[in-house]
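Before any comments, here is the structure.
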Amino acid sequence: MKGCKYGTHRVIEPAGVLPQPASKINNDMNIYDNEILIDVSALNIDSASFTQIEEAAGHDVEKIKEMILSIVAEKGKMQNPVTGSGGMLIGTIEKIGSDLDGKIDLKVGDRIATLVSLSLTPLKIEKILDVKPDIDRVEIKGKAILFESGIYAVLPKDMSENLALAALDVAGAPAQAAKLVKPGESVVILGAAGKSGMMCCYEAKKRVGPTGNVIGIVRKESDIKKLMDAGFVHKAVVASAQMPVEVLNAVLAANDGKEVDIVINCVNIENTEMSSILPVRDGGTVYFFSMATSFTKAALGAEGVGKDVNMIIGNGYTKDHAAITLEELRESKELREIFEKQYM
Ligand SMILES: NC(=O)c1ccc[n+]([C@@H]2O[C@H](COP(=O)([O-])OP(=O)(O)OC[C@H]3O[C@@H](n4cnc5c(N)ncnc54)[C@H](OP(=O)(O)O)[C@@H]3O)[C@@H](O)[C@H]2O)c1
């Protein structure tokens, strides 16, 4: 039997919604003809979700395990009821529904990372084997299901799974940067020394070529050295992303007094919309990758300062995002070293 390609056939309540906003989904592991069964080895819990669970559990690993097991038993998926967020998983393909046979580039036995959120993925945990709080990782024995519309990346053989996962977590950002940035352009990255920020800097610098200008905004002096030594930016400056005029002045000073073509927002805090909008020229582009972005603040804020700019919501998915992201780690020794040191 074939299910809905978006997984609505597994929604239990409330009726009529998609699996992500559903409060409960069916996690029966008998697959429909257009589903994929995964033998799961680890969950990479979303950082906001893991932090919330860890604090609620008083940093007690046994309590963390209990909370995770109870969420999955209740909802049929690992969706934190407080943050609403999920994460991603890694596992091995166990079975491919007959309807998908030959239509996808996967075979039984492939190691994959799912790139759709755990907040919509049917999951059954048999046992939690280990919890690794430093990297928000939970090793389990369990199964999960990927819907026909679900995206995934086959884990590469030339790097460790942990390294690939760390980068795939923010895969939308560098891939979107690759599409937006053109030769000769000037680009600002807010949160430039963070995980997605560094990947965007690297990609933007590659795309603008010798006549462009990539400016990283950071909040610690030491991050200027980190970005410049690695060669990820042309210039790096300290400014608070919550102070729009400070950011504007810093950008103008670093770009010959001119507004820039593109701003990419990779910070992890609220109230940074205007710091992203003010430095962009009319007709330029602001790409909000940060999940802390407010649509209202961005829309009203741009109107309020009379800026006719294109604003892009940071869709976590853009075509070929996994391939573009993993390729960065192969191309740049510096990026790979920093990721291996900081995120594994
Ligand atoms: N759209 C999507 O699909 C998607 C997917 C994954 C993640 N995200 C979002 O992307 C954002 C970044 O994720 P990430 O993993 O790259 O985070 P990250 O590694 O924590 O980086 C965030 C960066 O922002 C900097 N920052 C914080 N406050 C600042 C301020 N006032 N001024 C200047 N810089 C500041 C941080 O600097 P310090 O180190 O000094 O604090 C850090 O370098 C998050 O909001 C996350 O939720 C979106």
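Just so you know, ligand 1 is whichever comes first in the structure, and atom 1 is the first atom listed for that ligand.
For atom 17 (O) of ligand 1, the nearest protein heavy atom lies 4.0 Å or farther away.
Heavy atoms of S196 found under 4.0 angstrom from ligand 1 belong to the backbone as well as the side chain.
Side-chain N/O atoms of D28 and N30 include a donor and acceptor closer than 3.5 Å. A donor and an acceptor atom, one from each side chain of T285 and D261, are nowhere located under 3.5 Å apart. Between the side chains of T272 and Q242, not a single donor N or O lies within less than 3.5 Å of an accepting N or O. When only modelled atom types and interatomic distance are considered, T318 and K179 share a side-chain donor-acceptor pair under 3.5 Å. Between the side chains of S49 and N80, a donor-acceptor pair is found at a separation under 3.5 Å. For Y202 and E331, the side-chain atoms include at least one donor-acceptor pair closer than 3.5 Å. Side chains of R111 and T92: a donor-acceptor N/O pair is present below 3.5 angstrom, by distance only. A side-chain donor-acceptor contact under 3.5 Å links N265 and S276.
Of the listed residues (I145, V72, I140, N27), just one forms a side chain to side chain contact (heavy atoms under 4.5 Å, CB included) with K124, and that residue is N27. Here the options are C200, S290, C201, the test is side chain to side chain contact (heavy atoms under 4.5 Å, CB included), and the partner is I264; only C200 passes. Of the candidates V260, L180, V208, V208 is the only one forming a side chain to side chain contact (heavy atoms under 4.5 Å, CB included) with V187.
Judged by the shortest distance from any of its heavy atoms, L190 lies outside the 4.0 Å radius around the atoms of ligand 1. Residue-ligand proximity: G172 is placed with every non-hydrogen atom at 4.0 Å or more from ligand 1. Heavy atoms of I217 come nearer than 4.0 angstrom to ligand 1 in no pair at all.
Of all the atoms in ligand 1, the ones that sit under 4.0 Å from a non-hydrogen atom of G314 are 1 (N), 2 (C), 3 (O). Ligand-side atoms of ligand 1 in range of V170: 15 (O), range being under 4.0 angstrom from any heavy atom. If you number the atoms of ligand 1 from 1 as listed, the ones under 4.0 Å from a heavy atom of S240 come out as 31 (N), 32 (N).
Around atom 47 (O) of ligand 1, the closest heavy atom drawn from M199, E246, M291, Q176 belongs to M291.
Atom 24 (O) of ligand 1 has V267 CA, 3.5 Å as its closest protein atom, hydrogens excluded (heavy atom only). The shortest contact between atom 39 (O) of ligand 1 and any protein heavy atom is with K220 NZ, 3.4 Å. Closest protein heavy atom to atom 12 (C) of ligand 1: C266 O, 3.3 Å. Here the heavy atom of the protein found nearest to atom 31 (N) of ligand 1 is I269 CD1, 3.2 Å. The single protein non-hydrogen atom nearest to atom 32 (N) of ligand 1 is A241 N, 2.9 Å, given as residue, atom name and distance. The nearest heavy-atom contact from the protein to atom 19 (O) of ligand 1 is K195 N, 2.8 Å. Protein heavy atom closest to atom 48 (C) of ligand 1, with residue, atom name and distance, is F289 O, 3.2 Å. Given atom 21 (O) of ligand 1, the protein heavy atom at minimum distance is G194 CA, 3.4 Å.
Taking distance alone, with nitrogen or oxygen atoms compared against 3.5 Å, A193 stays at or beyond that limit from ligand 1. The shortest N/O to N/O separation between Q242 and ligand 1 does not fall below 3.5 Å. When only interatomic distances are considered, the shortest N/O to N/O separation between R219 and ligand 1 falls below 3.5 Å. Residue N268 places at least one N or O, backbone or side chain, under 3.5 Å from an N or O of ligand 1.
Using a 4.0 Å cut-off between a side-chain N of Lys or Arg and a carboxylate O of Asp or Glu, E328 and K206 do not qualify as a salt bridge.
Hydrophobic clustering (side-chain heavy atoms under 4.5 Å, transitive across Ile, Leu, Val, Met, Phe, Trp, Tyr) groups V61 together with I125.
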